[in-house]
Structures are given as structure tokens and as C-alpha cells.
4 protein chains.
Amino acid sequence: MNKNRPKYKQIIEAAVEVIAENGYHASQVSKIAKKAGVADGTIYLYFKNKEDILISVFEEKMGQFINQITVSIQDKQDANKKLLELIQMHFTQLAENPQLAVVTQLELRQSNPELRLEINKVLKPYLTVIDSIIEEGMKEGVFRNSLNIPLVRQMIFGTLDETVTNWVMKERKYDLVKQAYEVHALLTEGLANS
Amino acid sequence: MNKNRPKYKQIIEAAVEVIAENGYHASQVSKIAKKAGVADGTIYLYFKNKEDILISVFEEKMGQFINQITVSIQDKQDANKKLLELIQMHFTQLAENPQLAVVTQLELRQSNPELRLEINKVLKPYLTVIDSIIEEGMKEGVFRNSLNIPLVRQMIFGTLDETVTNWVMKERKYDLVKQAYEVHALLTEGLANS
Amino acid sequence: MNKNRPKYKQIIEAAVEVIAENGYHASQVSKIAKKAGVADGTIYLYFKNKEDILISVFEEKMGQFINQITVSIQDKQDANKKLLELIQMHFTQLAENPQLAVVTQLELRQSNPELRLEINKVLKPYLTVIDSIIEEGMKEGVFRNSLNIPLVRQMIFGTLDETVTNWVMKERKYDLVKQAYEVHALLTEGLANS
Amino acid sequence: MNKNRPKYKQIIEAAVEVIAENGYHASQVSKIAKKAGVADGTIYLYFKNKEDILISVFEEKMGQFINQITVSIQDKQDANKKLLELIQMHFTQLAENPQLAVVTQLELRQSNPELRLEINKVLKPYLTVIDSIIEEGMKEGVFRNSLNIPLVRQMIFGTLDETVTNWVMKERKYDLVKQAYEVHALLTEGLANS
DNA sequence: GATGAATGAGGATTCATTCAT
DNA sequence: TATGAATGAATCCTCATTCAT
């Protein structure tokens with residue numbers, strides 16, 4: 001149960017690899033155990049059941065993901081720069097962890113509604129970070145002050161998510177990080193020829 | 001195999017209902033057969049396998065969905081109005097078919113990557129429609145002429161998709177269609193306080 | 001679900017054989033299916049689950065067992081002769097079905113409390129038959145009229161059950177049926193040297 | 001391995017409690033260890049395996065049970081009074097230890113045939129006591145001298161066992177000890193209206 | 001002696017698909 | 001065409017036992 005025990009982390013890492021390699025439905029507990037170098041039963045000393053492994057994978061990885069972003073945007077001067085940094089960090093981190101990208105963008109979406117609910121809980125802090133950037137931007141006057149925050153958040157998250165999913169499904173054949181500027185420009189300036 | 005036979009349509013309709021009611025993983029072939037009023041084996045006279053039913057559901061329903069949108073935007077004057085119409089139609093159609101919305105936004109996403117690949121093929125014409133609006137907009141000068149079309153398409157589709165998913169997950173407690181204008185404004189004008 | 005289908009009976013018979021041969025805990029569903037000459041899944045067209053097979057075994061076999069006894073004692077003149085007949089039939093039937101004897105006296109007793117409760121329900125009619133013999137005997141004056149019926153029933157059933165179990169555990173090396181007269185004499189006359 | 005070590009007895013007592021509380025199949029070694037206040041592995045310093053614990057429970061408890069009865073009947077004048085005393089002690093001891101009654105009458109019967117064979121060995125001395133009472137009774141002339149000893153023993157033991165089991169299954173809602181006289185009368189006088 | 005983390009074998013059940021009628 | 005009884009592969013988890021410390 002101790003999350004600092006080395007085996008806990010071994011199993012989490014093994015789970016990411018196995019899911020990325022075999023896909024969600026072909027990821028048997030025994031495969032994860034084998035890859036982690038432990039016995040099947042050992043898994044259950046650290047995780048309640050299979051679903052708990054998957055949730056934990058998301059918690060651990062997404063937790064780091066969000067932390068990284070939160071830290072990175074801290075010392076940016078204004079909301080606009082924070083948004084750019086968030087986009088860059090979002091793309092960079094997934095580009096650096098292709099396996100994680102496959103797991104989060106494709107495999108984990110096949111999970112059942114209960115698991116997806118848990119995943120949404122984990123995602124919440126990320127959405128909150130986005131919300132606070134929008135709010136800050138409105139206060140600073142760099143964003144319009146009439147923005148509907150949930151809707152804007154859905155636009156930002158939806159755009160990033162779709163962009164990454166597209167990149168994963170195109171087998172990562174182009175440079176995701178390079179698109180950060182352009183995505184940022186689109187989100188802030190819109191399509192219109194002003 | 002004739003797609004105009006009444007049983008073909010019966011099975012498609014039954015599948016949508018069963019999936020919406022029971023969720024993806026609890027949608028057994030035998031349930032669909034029962035709801036359609038045919039024997040289990042009859043299903044296999046019209047569909048190759050279970051996956052084929054689900055793809056066909058998407059093809060049929062998405063085909064209608066895209067056709068409606070294509071027709072609706074035809075006589076709109078410029079790309080900007082076409083985009084607004086597309087957003088309104090996208091929202092309107094899903095709001096009018098809550099079962100279909102549940103199936104496309106939540107349940108079918110639990111399917112395996114192979115099925116999702118097929119689903120993407122079906123979506124292709126929709127993405128092409130979006131692309132052509134963007135192109136037209138650039139030609140007309142209502143959109144910037146420097147736009148990266150795939151990226152813009154991903155922003156538009158990602159935003160619409162995330163907005164609808166959010167609405168479904170919030171149990172459709174608010175009016176989706178009313179958000180069309182604001183979504184359109186966000187996409188065209190962006191966040192920036194120009 | 002139709003109890004008259006040949007496969008239902010095939011599976012019941014196979015279950016008796018498998019349990020008698022392998023013991024209760026080593027009786028996997030797949031073994032029963034194999035012995036019955038059907039696929040594993042076919043079992044579940046006729047039985048809700050494994051426990052249901054076992055209960056059904058008991059119901060079918062015990063039902064026949066009790067019916068035989070009920071018919072046999074019908075035309076006996078008085079309670080005393082009915083009791084003797086019941087003892088003889090009880091011993092005869094189990095002696096003729098050694099596998100069934102092993103299953104009822106040893107294997108099925110290892111079952112969980114829920115199953116044992118069901119088994120008791122099945123046994124109820126047998127106990128009722130014993131009760132009615134006792135009552136009749138009291139009315140006829142062949143038995144004392146002060147008997148405590150439940151207690152007497154427990155003595156009769158306990159004695160028969162223990163006698164059969166002992167015979168099974170001694171590997172059926174002696175003639176069980178031959179003991180019927182003596183058991184009957186003991187039950188009616190008691191130990192005392194009057 | 002020393003049976004006088006305090007931990008040996010702790011584990012035996014813990015086992016009785018755990019089995020009575022949780023039932024045979026839910027009595028894991030780890031639960032017994034916890035209740036006994038020792039580590040799982042410690043169990044195996046005192047017992048060969050789980051079955052050995054259960055046999056030891058029976059040996060210890062049944063040993064005391066039989067000793068008590070043996071001592072009690074010693075100074076009774078004749079076989080008839082000894083039999084009555086045996087019945088009274090049998091009922092009294094189980095009535096005073098409801099947990100033990102549950103364990104011996106219900107839970108331990110779920111064990112496998114191998115364990116039940118061991119249990120029978122433990123029961124042997126008790127059956128011998130019964131045998132000697134019968135023999136003595138025949139010599140004294142208080143019992144018929146034509147009795148088939150094993151059969152009579154089976155009647156006596158079967159009746160007591162069934163009576164106690166019935167009492168346990170009726171959730172001990174009536175007074176077991178009060179039935180001793182009547183059971184004794186039935187066994188000695190029989191059913192017949194002489 | 002004592003610990004407790006680690007081991008790994010073992011089985012009921014579901015459901016997409018087939019095929020004899 | 002249509003039926004629906006029959007098929008059989010596939011997997012999570014428990015828990016008695018071990019053994020390095």
C-alpha cells in the first residue's frame with residue numbers, strides 16, 4: 001500500500017508500457033506483473049484491483065503532468081504568456097512520453113464509465129489551472145472581459161486534446177511541439193481577418 | 001446484405017437504443033437482436049460481426065448528420081455564416097437526438113482502436129466540409145489567409161466535440177444550442193482583447 | 001431451461017459421477033461438461049451457476065429417493081411395517097447407487113451454508129414422511145402415544161444417516177441392507193432389557 | 001512444535017473463534033494469525049499446514065470433551081445411568097460452548113474428506129466410550145445381550161449428533177440439555193408401545 | 001524463534017459466432 | 001431467409017505457504 005515502495009512505481013511503469021504496447025483490452029494483469037518483474041499476486045498488495053492500477057497510472061502520470069505545467073507557468077508575466085507556456089508544456093510532455101500519449105489519448109478512453117469518472121476527477125485540477133489563466137487574462141485586460149469561462153476552457157482543452165489525438169493517430173510523424181505557437185495564436189486571435 | 005431491407009434498419013435502430021440504454025460494454029448482440037425482433041443468427045445475415053453493426057450505426061447516423069449540415073450550409077453567403085450554421089446544426093442535431101449523442105460522445109469511444117479507426121473514416125467527410133469552409137473563408141478574406149487548415153480544423157472540431165461531450169456528461173441540463181453563437185464568436189474572434 | 005431436455009439429465013448424471021469420482025472441491029464445471037459430452041457454455045443454458053447444478057442433483061435424486069419410499073410404504077398395514085419399509089428402502093436405494101451415496105453422505109456436506117440450506121429444503125418432505133409414520137403409529141397404538149415427534153424423527157433420521165455414512169466410510173465392505181431389520185428393532189424396542 | 005507453548009494455545013483458541021465467526025471457508029490463515037496476535041509465518045512454526053490447525057482444534061477441544069465425559073460417567077452405578085450421563089454431558093458441554101458447537105456441527109463438516117478422516121480418528125475414543133457402556137450394559141443385564149455393538153453405537157451417536165445439529169440450525173432457540181432425559185428414554189425404551 | 005512481503009496456481013462464467021434445421 | 005441451441009476461448013483474483021531477514 002506504500003506508494004513509495006519501489007514495487008509500486010515498477011508496476012505503474014510496467015502498466016504504462018503494457019497498455020501502450022498491447023492496448024487497453026489486451027492488458028492482462030499477468031502481463032503487467034511479468035513486465036514489472038513481480039508475481040501476479042504482488043500486484044494486489046499494492047492495488048485493490050485492475051481498475052485501481054489504471055486509475056493510479058493516470059493519477060501518478062497526470063499529477064506530474066499538471067505539476068510540471070503549474071510550476072512552469074508560475075513565473076510567466078501575463079495570462080497570454082501563461083497560456084502559451086501551458087500549450088507548449090502540454091505538447092512537450094506528451095511528445096517526450098509517446099507511450100503515455102498513446103495511453104491517455106487512445107487506450108484509456110476505452111475504459112468503462114466508472115473509470116472515466118475517476119479520470120475526470122484527476123483531470124479537474126488541470127481544468128482549474130486553465131480557468132485561472134482565463135480569469136487572470138480577463139482581469140489583466142489581455143483577454144476580453146466578457147468570456148464565458150467554462151466555454152473557453154472547453155475550447156482550449158478540446159483544441160489541445162484533439163490536436164494531440166490527431167498527432168498520435170498520425171503516428172507522431174510530425175513535430176507536435178512546433179505547433180504550439182500557432183495553436184496559441186489561433187486561440188487568442190481567432191480565425192477572423194480583423 | 002441489402003441495406004434497404006427493413007430488418008437492416010430495424011437492427012441499426014435497435015443497436016442505437018440498446019447502446020444508449022445499456023452502455024457499450026453491456027450491449028450484447030443478443031440484446032440488439034431481441035430489441036430488433038429478430039433471432040440472434042439473423043443479425044449475421046446483415047452484418048459481418050458485432051463491430052460491423054457498430055460501424056454501420058455510425059455510418060448511417062453520421063451520414064445523415066453530415067448530409068443535413070452540408071445541405072444547410074450550402075446557401076449561406078459566406079464562410080463565416082457557414083461556420084455558424086455548421087455549429088448550430090452540429091449542436092441542434094445532437095440536442096434533438098440525445099440517445100445518439102450519448103452513443104457518439106461516450107459509448108462508442110469505449111470501442112477498440114480498430115473500430116475507432118473505422119469511425120474516423122466515417123468522420124472524414126465531415127472534416128472535409130470543415131476544411132472547405134476554412135478554405136473558402138480564406139479566399140473570401142473573412143478568415144486570415146495564413147491559416148494552417150488541419151490545425152484550424154482540429155480547433156473547430158475539438159471545440160465542438162468537447163463542448164458536446166461536456167454537455168452530455170453534465171446530463172444535458174443546459175441548452176446546448178444556445179451556446180452556438182458564443183462558440184462561433186470564440187472561434188472567430190479568439191480570446192484576445194484586440 | 002426445459003428439465004425434460006435430454007441434456008439436462010445428461011448433465012445431472014455427469015455431475016453425480018464427477019463428484020463421486022473427484023470429490024466436491026475438485027469437481028470443476030468443465031469436468032462435468034466433458035463427462036456430459038457438452039460444451040462448458042451449454043451447462044449455463046440449463047443451470048444458473050455451479051451451485052444450481054449441485055442443488056438440482058440433490059433435488060432430482062432425492063426427489064426420486066423420497067418418491068420411491070413414499071410409494072413403497074403406502075400399502076403397508078401399520079406404522080411399524082411402514083417404518084421397517086422406510087429403513088429398508090433408505091438402505092436399498094443408497095446401496096444400489098454407491099456413487100449417489102458418496103455424494104449425499106460425504107461430498108455434498110462440504111458445501112457452503114447456502115447450499116446446505118437448499119439441501120435441507122429438499123430433505124423436508126422426507127422428514128415429513130417420517131413424522132407422519134410416527135403420528136400414525138401413535139394413533140394406531142403401535143408406538144407410545146407420548147412421543148415427542150421432532151425428537152423421534154431426529155433419532156430415526158440420525159440413526160439412518162450415521163449408519164449409511166459409516167458404511168460409506170468403511171468403503172461399503174459389508175451389506176448395508178441386511179442391517180435394516182436390526183436397526184428397525186433397535187429403534188422400536190430400544191436398548192433396554194425389558 | 002511444543003504444544004505447551006503459549007502461542008500454540010493462542011492459535012487454537014483464535015481458530016475456534018475465527019471459524020465460528022466467519023465460517024469454515026472464510027477462515028483464512030491470516031485471520032487466525034491476526035486474532036492470535038502472531039505473524040502469518042509463525043503459524044507454520046506450530047502447525048504443519050492449515051489442515052493441521054483444524055485437526056488440532058478438534059483434537060484439543062474434543063479431547064477435553066471426551067475427558068469430561070469419561071470422568072463424569074466413571075462413578076455412575078450402571079450402564080443405564082452412564083448412558084444418561086453421557087447424553088447429559090454431551091448436550092451440556094456443547095450448550096455451554098455455542099462457538100464450539102457451531103464449529104463441530106456445521107463448519108468443520110465442510111472440510112474435505114481427508115480432514116474428516118482425521119476428525120474420525122479423534123472421535124474414535126468417544127465411540128470407544130460408547131461401546132464400553134453398551135458392553136457393560138449387556139453384561140449387567142440392563143441392556144439386551146444380543147445387541148450389535150457397532151450398530152447401537154451408530155444409533156446413539158447418530159441420534160445425539162442429529163439432535164445437536166438440529167438445535168444449532170434452529171439457532172439454539174430451545175433448551176438442548178432439557179432433552180437429555182427424553183433422548184435417553186427413547187434410546188433405551190424405543191418407540192414401541194410394549 | 002518471529003516476521004510479513006512475496007509467491008503463483010487454479011476455475012467459474014460470458015457472449016460473439018456458427019450451423020443444422 | 002430465418003432460427004436459436006450450442007460452442008469454447010479467455011482472465012481476474014485469492015490465499016496457503018515460503019524464506020530472507
Side-chain angles (χ1 to χ4, degrees), chain A residues 1-2 5-8 11 25-34 36-53, chain B residues 1-2 5-7 25-34 36-54, chain C residues 1-2 5-8 11 25-34 36-54, chain D residues 1-2 5-8 25-34 36-54:
Chain A
M1 299 286 180
N2 190 329
R5 290 257 188 67
K7 298 211 169 160
Y8 178 85
I11 295 165
H25 280 117
S27 294
Q28 297 90 338
V29 171
S30 59
K31 258 185 202 159
I32 297 174
K34 199 169 185 180
V38 300
D40 290 19
T42 305
I43 298 269
Y44 293 87
L45 297 176
Y46 295 90
F47 300 91
K48 223 170 52 234
N49 50 35
K50 186 180 176 180
E51 197 172 302
D52 190 31
I53 308 175
Chain B
M1 294 285 185
N2 190 325
R5 289 265 186 62
K7 294 204 174 167
H25 282 116
S27 294
Q28 297 87 343
V29 172
S30 60
K31 256 186 203 161
I32 297 174
K34 197 171 185 182
V38 301
D40 291 17
T42 305
I43 297 267
Y44 292 87
L45 299 174
Y46 295 89
F47 301 90
K48 215 168 61 231
N49 51 33
K50 186 181 178 179
E51 201 171 296
D52 189 30
I53 308 175
L54 302 175
Chain C
M1 300 286 180
N2 190 329
R5 291 257 189 66
K7 297 211 171 163
Y8 178 86
I11 294 165
H25 281 117
S27 295
Q28 298 90 339
V29 171
S30 59
K31 258 185 203 159
I32 297 174
K34 199 169 185 181
V38 300
D40 291 17
T42 304
I43 298 269
Y44 292 87
L45 297 176
Y46 295 90
F47 301 90
K48 222 172 51 235
N49 50 35
K50 187 181 177 178
E51 197 172 303
D52 190 30
I53 308 175
L54 303 175
Chain D
M1 293 285 184
N2 190 324
R5 289 264 185 64
K7 294 204 175 168
Y8 178 86
H25 282 116
S27 294
Q28 297 87 344
V29 172
S30 60
K31 255 186 203 160
I32 297 174
K34 198 171 185 181
V38 300
D40 290 19
T42 305
I43 297 267
Y44 291 86
L45 298 175
Y46 294 90
F47 300 90
K48 216 168 60 229
N49 51 34
K50 185 181 178 180
E51 203 171 294
D52 190 28
I53 308 175
L54 302 174

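Just so it is clear: chains get the letters A, B, ... in the order the sequence lines come, proteins before strands, and each one is counted from 1.
- Of the possible polar contacts, one joining the D:Lys50 side chain to the D:Ser27 backbone as a donor-acceptor pair under 3.5 Å is found.
- Between C:Tyr8 atom OH and C:Leu45 atom CG the span is 14.0 Å, to the nearest 0.5 Å.
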Practice item. Just do the side chain to side chain contact (heavy atoms under 4.5 Å, CB included) check on A:Asp52 and A:Tyr46 with the steps written out, would you? Key: CA-CA 9 Å; A:Asp52 190 31; A:Tyr46 295 90; over 6 Å; no
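- In terms of position on DNA chain F, the residue among B:Val38 and C:Val38 whose nearest nucleotide sits closer to the 5' end is B:Val38.
- A donor-acceptor pair is defined here as one N or O able to donate and one able to accept, closer than 3.5 Å; such a pair exists between the side chain of D:Lys31 and the backbone of D:Ala26.
- Straight-line distance from the CD1 atom of D:Ile43 to the P atom of E:dG1: 13 Å, rounded to whole Å.
- Residue C:Tyr44 holds its OH atom at 10.5 Å from CD1 of C:Ile11, rounded to the nearest 0.5 Å.
- Distance, D:Lys34 NZ to E:dA2 P: 20 Å, rounded to whole Å.
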**Study point:** Dot-bracket encoding of pairs in DNA chain E, which uses [ ] for pseudoknotted crossings and | for another strand, Watson-Crick or G-U under 3.5 angstrom
**Key:** .||||||||||||||||||||
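- Side chain of C:Tyr46, nearest nucleotide from F:dA6, F:dT3, E:dT7: F:dA6.
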Practice item. Could you encode protein contacts along nucleotides 13-21 of chain E as a string, one character per nucleotide from 5' to 3', using B for base contact, S for sugar-phosphate-only contact and - for no contact, with a heavy-atom cut-off of under 4.0 Å? Key: BBSSBB---
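- Taking CG of A:Asp40 as the start and CD1 of A:Ile32 as the end, the distance is 10.0 Å to the nearest 0.5 Å.
- The CD1 atom of A:Ile53 lies 11.5 Å from the NZ atom of A:Lys48; values are rounded to the nearest 0.5 Å.
- Between D:Lys31 atom NZ and F:dC15 atom P the separation is 8 Å, expressed in whole Å.
- Note on ring orientation: taking the six-membered ring where Trp is involved, the planes of C:His25 and D:His25 are perpendicular (angle over 60°, cut-offs 30° and 60°).
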